There are 2 protein chains.
Amino acid sequence: MDLRHLRYFVAVAEEENIGRAAARLHISQPPLTRQIQQLEEELGVTLFIRTPRGMELTQAGELFLEEARNIRSLVEQATERTQRADQGKLGRLDVAIFGSAILDAIPKLLLAFRNHHPDVKVVLHTMTKAEQIEALRQRRISVGFNRMLTPLEDIGVQQVAIEDLLLAIHADHPLARQPSIRFADLQDHPMVLFPTGARPSFIDRVIGLCSESGFQPQISQEVGDAVTGVALVAGGFGVCLVPESATTLQFPSVVYLPLTDTPPNFHVDLSCIYRKNDQSPILAAFLETVEEYKKTSPGSRR
Amino acid sequence: MDLRHLRYFVAVAEEENIGRAAARLHISQPPLTRQIQQLEEELGVTLFIRTPRGMELTQAGELFLEEARNIRSLVEQATERTQRADQGKLGRLDVAIFGSAILDAIPKLLLAFRNHHPDVKVVLHTMTKAEQIEALRQRRISVGFNRMLTPLEDIGVQQVAIEDLLLAIHADHPLARQPSIRFADLQDHPMVLFPTGARPSFIDRVIGLCSESGFQPQISQEVGDAVTGVALVAGGFGVCLVPESATTLQFPSVVYLPLTDTPPNFHVDLSCIYRKNDQSPILAAFLETVEEYKKTSPGSRR
DNA sequence: TTCGATCATACCCAGAAGGTATTGGTGAGG
DNA sequence: CCTCACCAATACCTTCTGGGTATGATCGAA
């Protein structure tokens with residue numbers, strides 16, 4: 001059986017007349033007769049009763065008509081959906097994020113992507129940097145978000161944003177009384193650092209910036225992510241350098257202050273990583289959305 | 001696109017290798033390559049990425065694989081269901097019954113048919129004799145049950161059962177005290193007759209039997225069906241001749257008694273009617289069940 | 001570098017789909 | 001009652017396409 005048989009059968013069933021059906025199908029009558037005969041023979045079922053006035057469906061034919069229409073519409077849907085999938089408009093994208101990256105940029109990015117590709121199901125996974133790279137290689141995810149990423153042989157990097165660093169500090173802290181805080185003044189104050197885990201990370205960036213300013217930070221506590229870090233600041237464990245997107249975390253007793261006399265390039269990046277050889281149209285569409293986001297959100301990059 | 005394309009595509013997708021897939025399909029490799037290329041071209045979508053180790057599905061290909069499997073299984077189901085419909089094992093049978101025919105034979109018959117053809121949906125309609133014939137001609141029903149039917153040009157009749165006639169009589173009625181009741185003794189007692197409506201009917205049979213015995217019945221009341229008739233007997237309106245299947249109606253004050261000295265052929269038939277030119281396998285199966293029923297229920301015919 | 005595995009291409013053949021002409025059967029109208 | 005119109009079926013031819021064989025191109029492993 002062929003899809004052609006179904007197309008022909010539906011035409012004959014609807015016209016109840018082989019000649020008219022043949023005209024509608026742009027073929028002549030005899031081949032159509034033969035195709036219908038073939039179909040009946042293959043099924044072993046009489047689908048039509050031939051009358052001098054035309055073709056009339058049997059009960060089995062009625063049923064087969066329903067089925068044939070179903071199949072034809074399913075075929076149509078299949079091609080259409082496949083084409084949409086090919087254009088990256090249908091499917092699934094597995095995205096890894098890190099502990100506190102749910103702030104600011106990423107939600108906006110995902111929202112923008114959703115708007116352009118409403119039928120792509122975005123699945124979020126929380127992973128550390130090392131887990132992300134492993135999951136990328138195992139194809140469990142297609143995109144990972146993180147900071148301080150370096151390109152690898154098989155892993156591409158695309159920058160999403162560059163953020164200023166701010167100081168999260170307790171409102172009652174002595175430094176918080178000053179009109180402005182010089183970066184080097186942090187030397188004498190215990191500091192909360194994050195994240196623990198795979199190096200190099202944001203921790204190394206902070207320590208590097210301190211040493212550029214000529215001091216070693218007093219480490220009060222190392223924690224897993226920015227959320228925990230700011231929570232410890234609220235609990236009086238010290239101060240904490242955070243990316244500006246952390247300001248979406250509002251604690252009653254924590255204020256975010258800019259720093260002066262900072263070393264050059266007092267920023268931290270947010271980037272995404274992906275398999276370089278990933279041909280997926282969905283990934284291409286996603287990276288395009290990232291590019292678009294960078295252009296339309298100049299406030300979050302320097 | 002063809003069902004062949006789908007079959008080939010699924011094979012290649014499953015084997016991830018054109019050569020092996022070709023072997024599985026019992027064709028050589030080059031035609032298979034070409035068919036896959038055709039499919040991709042027609043869809044305008046790259047379904048596979050060719051690697052030196054074989055064929056790997058793209059994301060769009062993964063989706064199309066699901067769809068292709070769906071379609072193929074639907075095609076399989078369609079042929080199977082159509083064949084079952086052709087054998088009268090799947091479909092719908094519209095059956096008309098008359099007022100009180102729901103007694104005895106018809107439920108048993110329908111039950112037997114259900115057992116042999118569980119996927120045929122039997123739909124019951126209550127209709128008078130005239131309505132049944134009109135509905136048959138308009139193809140709204142396929143079978144009708146009634147009594148006293150005569151074959152017509154386009155309508156076939158098949159007898160289902162022949163029932164004895166009994167007298168429904170109030171337990172306190174004077175005649176009910178006698179050891180046996182002679183039919184002619186009904187002459188002096190008012191009688192409830194049914195059904196009203198299209199003639200000839202059961203009414204005419206009863207009147208005919210009376211005149212064969214040499215009397216005219218005293219008509220107490222004409223009612224629509226046996227159920228109402230027996231109810232009036234219970235209410236003291238008189239006696240009522242009923243087919244023996246009416247004994248399934250048990251009223252506390254009504255008894256059913258046989259009659260003696262009856263004219264010959266003191267019976268009434270129950271038959272079904274159908275379109276003579278109806279080729280439906282379901283009807284054929286139903287009439288066969290009727291035939292079977294007559295053989296296995298000798299008690300209900302004489 | 002060579003060999004083996006894999007997919008792609010070139011070319012041929014056979015079978016099947018489609019076309020034209022005609023037959024057979026049935027019902028409406030003169 | 002006959003004829004014509006209409007419809008499906010058949011016969012036969014043509015064309016197209018799916019499948020076969022032989023071969024090429026590419027890449028990875030030995």
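Here the structure is a predicted model, which means the values were calculated and not measured. Chain naming here is simple, since letters A, B, ... match the order of the sequence lines and numbering starts at 1 in each.
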Rounded to whole Å, the CD1-P distance (B/Ile36 to C/dT6) equals 16 Å
Would A/Arg53 and A/Glu16 pass as an ion pair if we require N to O under 4.0 Å? no
Within residues 40-60 of chain A, those residues having any heavy atom closer than 4.0 Å to DNA chain D are A/Arg50, A/Pro52, A/Gly54, A/Met55
Any side-chain N or O of A/Gln38 less than 4.0 Å from the OP1 or OP2 oxygen of C/dA17?
-> yes
Whole-Å distance, A/Leu32 CG to C/dG18 C1', equals 11 Å
Q | Phosphate OP1/OP2 of C/dT9 contacted by B/Gln37 side-chain N/O (<4.0 Å) | A | yes
- Message: Regarding B/Arg140 and B/Glu131, does a basic nitrogen lie under 4.0 Å from an acidic carboxylate oxygen?
- Response: no
When you measure from the side-chain N and O atoms of A/Arg4 to the phosphate of C/dA17, is any distance below 4.0 Å, counting only OP1 and OP2? yes
* Asked: So does A/Arg84 pair up with A/Asp86, basic N to acidic O under 4.0 Å?
  -> no
A/Arg34 CZ to D/dT14 C1', in whole Å, measures 12 Å
Checking all strands, does A/His26 fall into the base, sugar-phosphate, or nothing category for heavy-atom contacts under 4.0 angstrom? sugar-phosphate
Numerically ordered, the residues 11-21 of chain B set in heavy-atom contact under 4.0 Å with DNA chain C is B/Asn17, B/Ile18, B/Gly19
Salt bridge between B/Glu14 and B/Arg24, side-chain N to carboxylate O under 4.0 Å? yes
Checking side-chain polar atoms at under 3.5 Å, does A/Gln29 have a donor or acceptor matched by the opposite partner on A/Thr33? yes
Exercise. Closer than 4.0 Å, any side-chain N/O of B/Thr33 to the OP1 or OP2 of C/dC7?
Worked result: no
Rounded to whole Å, the CD1-P distance (A/Ile27 to D/dA8) equals 13 Å
Rounded to whole Å, CG of A/Asp2 lies from C1' of C/dG18 at a distance of 14 Å
Here the distance between atom P of D/dG18 and atom OH of B/Tyr8, to the nearest Å, is 9 Å
- Task: Would you indicate, yes or no, if D/dG19 has its OP1 or OP2 atom less than 4.0 angstrom from a side-chain nitrogen or oxygen of B/Gln35?
- Result: yes
Distance col, row A/Arg139:CZ vs A/Leu136:CG, nearest 0.5 angstrom, shows 10.0 Å
Picking from C/dG19, C/dT9, D/dG20, the nucleotide nearest the side-chain atoms of B/Pro30 would be C/dT9
Out of D/dG20, D/dA8, C/dG18, minimum distance to the side chain of A/Gln29 belongs to D/dA8
Short N-O contact, B/Arg137 and B/Asp154, less than 4.0 angstrom: yes
Interatomic distance, CG@A/Asp119 vs CZ@A/Arg81, rounded to 0.5 Å, equals 8.5 Å
Salt bridge or not for A/Arg92 and A/Asp94, using N-O below 4.0 Å? yes
